[in-house]
Amino acid sequence: MDRRSFTKFAASGAVLGLAGGTALWLGAPRDHAHLGLDRMLDHLSTLAPGSLRMQGQWDAFRTFNHLAQSIEFSMDGFPEAKSPLFQNTVGSLAFKVFRARGAMSHGLDEEIPGEIVAAEAGDTRQALDRLMGALTTFRAYDGDLKPHFAYGALGKDDYALAHTMHITNHLEEVQTA
């Protein structure tokens, strides 16, 4: 075997090995009990709105309303969506990576496409109650879920995971005084 053929063979093997390993990693079952809806509701119920300090661009009111709207959109439909091509490639892969990691990371000051921002500031307690109400409604919801604007069609378990990872990611900016 000449050097060129060997290099092609080795490179092909490396690419196939990497692709296979990645597929196994993404598909491996994981325990995400820490991301359950009940645990999240319990955690949110411990937050004292008056003592919250945000490190990011948004205040707690804006953040909690954003999170509530995301959950509501999963049941009612997102106002805007990425293309089906995006949802079935980049979006689907991103969700698989987040699910495998058990954590989401995204721009914490990025609005959901078409998100309705009624007010930039307001009563944090109301916004937190709205978020907890949206989670409670989602938990009991047995209708058809609408496709996620970026990830596409998700089942209830995957949506629950997406919601709790989304909340957890935003809570990284919350400090209690």
Side-chain angles (χ1 to χ4, degrees), residues 10-44 47 54-58 60 62-117 131-132 134-139 141 143-175:
S12 297
V15 167
L16 288 174
L18 181 61
T22 300
L24 287 173
W25 180 73
L26 289 174
R30 294 195 169 59
D31 177 17
H32 294 304
H34 67 289
L35 294 170
L37 294 174
D38 291 333
R39 280 194 174 183
M40 181 56 69
L41 281 163
D42 288 345
H43 176 68
L44 293 172
L47 298 179
M54 300 299 291
Q55 295 177 328
Q57 298 289 324
W58 292 349
R62 175 72 180 92
T63 299
F64 294 148
N65 275 310
H66 163 81
L67 292 167
Q69 256 190 340
S70 177
I71 296 163
E72 293 159 0
F73 287 155
S74 70
M75 296 175 281
D76 301 334
F78 285 83
E80 295 178 22
K82 301 280 188 182
S83 72
L85 178 63
F86 181 93
Q87 290 177 0
N88 291 312
T89 56
V90 176
S92 176
L93 180 60
F95 179 73
K96 287 176 183 172
V97 169
F98 294 155
R99 183 179 58 206
R101 287 178 43 214
M104 176 185 292
S105 56
H106 73 296
L108 298 178
D109 60 352
E110 292 178 10
E111 294 177 0
I112 298 166
E115 179 177 357
I116 300 152
V117 181
L131 171 56
M132 292 173 60
L135 275 175
T136 301
T137 300
F138 177 83
R139 184 177 56 187
Y141 187 75
D144 291 333
L145 295 167
K146 306 302 188 245
H148 186 273
F149 79 93
Y151 308 145
L154 295 176
K156 183 141 186 194
D157 290 344
D158 279 342
Y159 244 130
L161 187 61
H163 290 322
T164 56
M165 288 189 298
H166 188 206
I167 295 166
T168 300
N169 190 198
H170 277 280
L171 291 179
E172 292 170 7
E173 291 191 336
V174 175
Q175 290 183 328

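All residue numbers refer to positions in the sequence shown, counting from 1. Only a predicted model underlies this, so the values are computations on that prediction, with no experimental measurement involved.
Residues Thr136 and Leu41 meet the side-chain proximity criterion, which asks for heavy atoms closer than 4.5 Å. Side chains of Phe64 and Leu47 form a contact here, defined as non-hydrogen atoms less than 4.5 Å apart. In this structure, Leu108 and Gln57 have side chains that are not in contact, with every pair of non-hydrogen atoms separated by 4.5 Å or more. Residues Tyr141 and Lys156 are in side-chain contact: their nearest non-hydrogen atoms beyond the backbone lie under 4.5 Å apart. Here the side chains of Met104 and Thr168 are not in contact, with every heavy-atom distance at 4.5 Å or above.
Panel note: side chain Gln69, backbone Ile116; a donor-acceptor pair is recorded below 3.5 Å. Under the 3.5 Å distance criterion, the side-chain polar atoms of Lys82 are left unmatched by any main-chain donor or acceptor of His148.
With a 6.0 Å radius and a threshold of 12 heavy atoms from other residues, nucleotides or ligands, Asp144 has its CG atom at or below the threshold.
Here the closest non-hydrogen pair linking Ile71 and Ala134 is CG2-O, 3.4 Å. Nearest heavy atom pair, residue His170 against residue His106, reads NE2-NE2, 3.3 Å. Here the closest non-hydrogen pair linking His43 and Leu171 is CD2-CD1, 3.6 Å. Heavy-atom minimum distance, Phe149 versus Glu80: CB-O, 3.3 Å. When all heavy atoms are compared, the tightest approach of Ala60 to Met54 is N-CG, 3.3 Å. Between Pro147 and Ala153, the shortest heavy-atom distance links the atoms CB-N, 4.1 Å.
Expressed to the nearest 0.5 Å, how far CG of Leu93 lies from OH of Tyr151 amounts to 11.0 Å. Of the inter-residue distances, the one linking Ser105 atom OG with Met165 atom CE reads 10.0 Å to the nearest 0.5 angstrom. Atom-to-atom distance recorded for Met40:CE and Thr164:OG1 is 5.5 Å, nearest 0.5 angstrom. Note: Leu37 CG to Leu161 CG = 9.5 Å, rounded to the nearest 0.5 Å. For the atom pair CG (Leu44) and CE (Met132), the distance works out to 6.0 Å, reported to the nearest 0.5 Å.
In this pair, Phe78 and Tyr159 present their aromatic rings parallel. The plane angle is below 30°, not in the 30 to 60° band.
For Asp109, the side-chain hydrogen bond (donor to acceptor under 3.5 Å, both in side chains) test picks out no residue, with sequence neighbours left out. In terms of the side-chain hydrogen bond (donor to acceptor under 3.5 Å, both in side chains) criterion, residue partners of Glu115 (sequence neighbours excluded) are, by chain and number, Arg62, His66. Residues satisfying the side-chain hydrogen bond (donor to acceptor under 3.5 Å, both in side chains) test with Glu72, not counting sequence neighbours, are Arg130. Judged as a salt bridge (charged side-chain N to carboxylate O under 4.0 Å, His left out), and not counting sequence neighbours, Asp157 has no contacts. With sequence neighbours left out, the side-chain hydrogen bond (donor to acceptor under 3.5 Å, both in side chains) criterion links Ser74 to His163. Legend: residues meeting side chain to side chain contact (heavy atoms under 4.5 Å, CB included) with Pro79, ordered by chain and number and at least two apart, are Phe73.
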**Message:** Apply side chain to side chain contact (heavy atoms under 4.5 Å, CB included) to residues Ile167 and Leu131 and explain how you reach the verdict.
**Reply:** CA-CA 10 Å; Ile167 295 166; Leu131 171 56; 4.0 Å; yes
